[in-house]
Amino acid sequence: MIRGMESFAKVFIGALSVALMGLCVVLYSKLEGAEEREAKARRAAAESAQECQREGDSLRDEVVRLKGELAKAIQAPPESASMELDESILALGGKPSRGGSAFPRESVVEVVRGGRGGLQTCYERALKRHSGLRSQQLKLKLDFAVHPSGRVSDISIKPLYDKAMDECMRKAIDKWQFPGFK
């Protein structure tokens, strides 16, 4: 009986060894498949990262381009943002001071034309703040007094379209210097 058991044990151990070898082969092949799948996943992730990098670079280039366009747009005056001096409606009021002469119209036109750039800058700034002003034709009435020294005072701008533009234009007009008179 012991001999029969020994034979059975040898056969059983042999069969168990074969089964274990088969299991090892199956596990090894599954491990190779897993490694292959992992390598594919790594390649796909690398390709995806490269695509994201290209897209990110493209978006950064687009942002740089748009910032450049914005800077140009901010620096360049809008095409519709031009100011004109209508000399036909220029009205000089007031009376000459004691024994003096009337202030020459040409002097007023010359100073106002020369100071137009400051007013233009104020207008362009207002357009940047309020794009709705572009669709309007603004007509401003500027009233001011000129003293014998040529200095300006009592500045009035009507109507009020934009408070900051009004203040800017007042400061610009305040810098105007007319020829002195008696």
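As the structure is a prediction and not an experimental result, all values here were calculated from the model.
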Study note, to complete from the structure: Between Gly118 and Ala172, the two heavy atoms sitting closest are C-CB, 4.2 Å
Practice item. List for me each residue that meets salt bridge (charged side-chain N to carboxylate O under 4.0 Å, His left out) alongside Asp57, sequence neighbours excluded, and say none if there are none. Key: Arg60
Review point. Can you name the side-chain contact (heavy atoms from CB on, under 4.5 Å) partners of Ala126, sequence neighbours left out?
Key: Arg129, Leu133, Asp162, Met165
Going by atom type alone, with no hydrogens or angles, which donor-acceptor pairs under 3.5 Å involve a side-chain atom of residues 42-51 and a protein atom two or more places apart or on another chain?
from, atom 1, to, atom 2, distance (Å)
Arg42, NH2, Glu38, OE2, 2.2
Glu51, OE1, Arg54, NH2, 2.8

Exercise for review: Please collect all ring pair (Phe, Tyr, Trp, His ring centres under 6.0 Å) contacts where either partner lies in residues 33-67, sequence neighbours excluded, each pair once.
Suggested key: none
Review point. Should we count CD of Gln177 as having more than 12 external heavy atoms under 6.0 Å?
Key: yes
Point to revise | Summary of disulfide bond (SG atoms under 2.5 Å apart) pairs that have at least one residue in residues 111-177, sequence neighbours excluded | key: Cys122-Cys168
Exercise for review: Applying salt bridge (charged side-chain N to carboxylate O under 4.0 Å, His left out), name anything that partners Lys141, two or more places apart in sequence or on another chain.
Suggested key: Asp143
Review point. What residues form a side-chain contact (heavy atoms from CB on, under 4.5 Å) with Val152, not counting sequence neighbours?
Key: Phe144, Ile155, Ile173, Trp176, Phe178
Exercise for review: Please list, chain by chain and in numerical order, all residues satisfying salt bridge (charged side-chain N to carboxylate O under 4.0 Å, His left out) with Glu36, sequence neighbours excluded.
Suggested key: none
Check your understanding: Nearest 0.5 Å, what's the CG-CZ distance between Leu119 and Arg116?
Key -> 9.5 Å
Exercise for review: For Arg170, check salt bridge (charged side-chain N to carboxylate O under 4.0 Å, His left out) against everything at least two apart and list the hits.
Suggested key: Asp166
Exercise for review: Please list, chain by chain and in numerical order, all residues satisfying side-chain hydrogen bond (donor to acceptor under 3.5 Å, both in side chains) with Ser153, sequence neighbours excluded.
Suggested key: His147
Review point. What residue pairs, at least two apart or across chains, pass salt bridge (charged side-chain N to carboxylate O under 4.0 Å, His left out) with a residue in residues 12-27?
Key: none
**Study point:** Leu140 versus Pro159, closest heavy-atom pair with distance
**Key:** CD2-O, 3.7 Å
Check your understanding: Can you tell me if CD on Glu55 sees more than 12 non-hydrogen neighbours from other groups inside 6.0 Å?
Key -> no
Point to revise | Separation of Leu160 CG from Glu167 CD (nearest 0.5 Å) | key: 11.0 Å
Revision key, fill the gap. Glu106 meets the side-chain contact (heavy atoms from CB on, under 4.5 Å) criterion, sequence neighbours left out, with Pro104
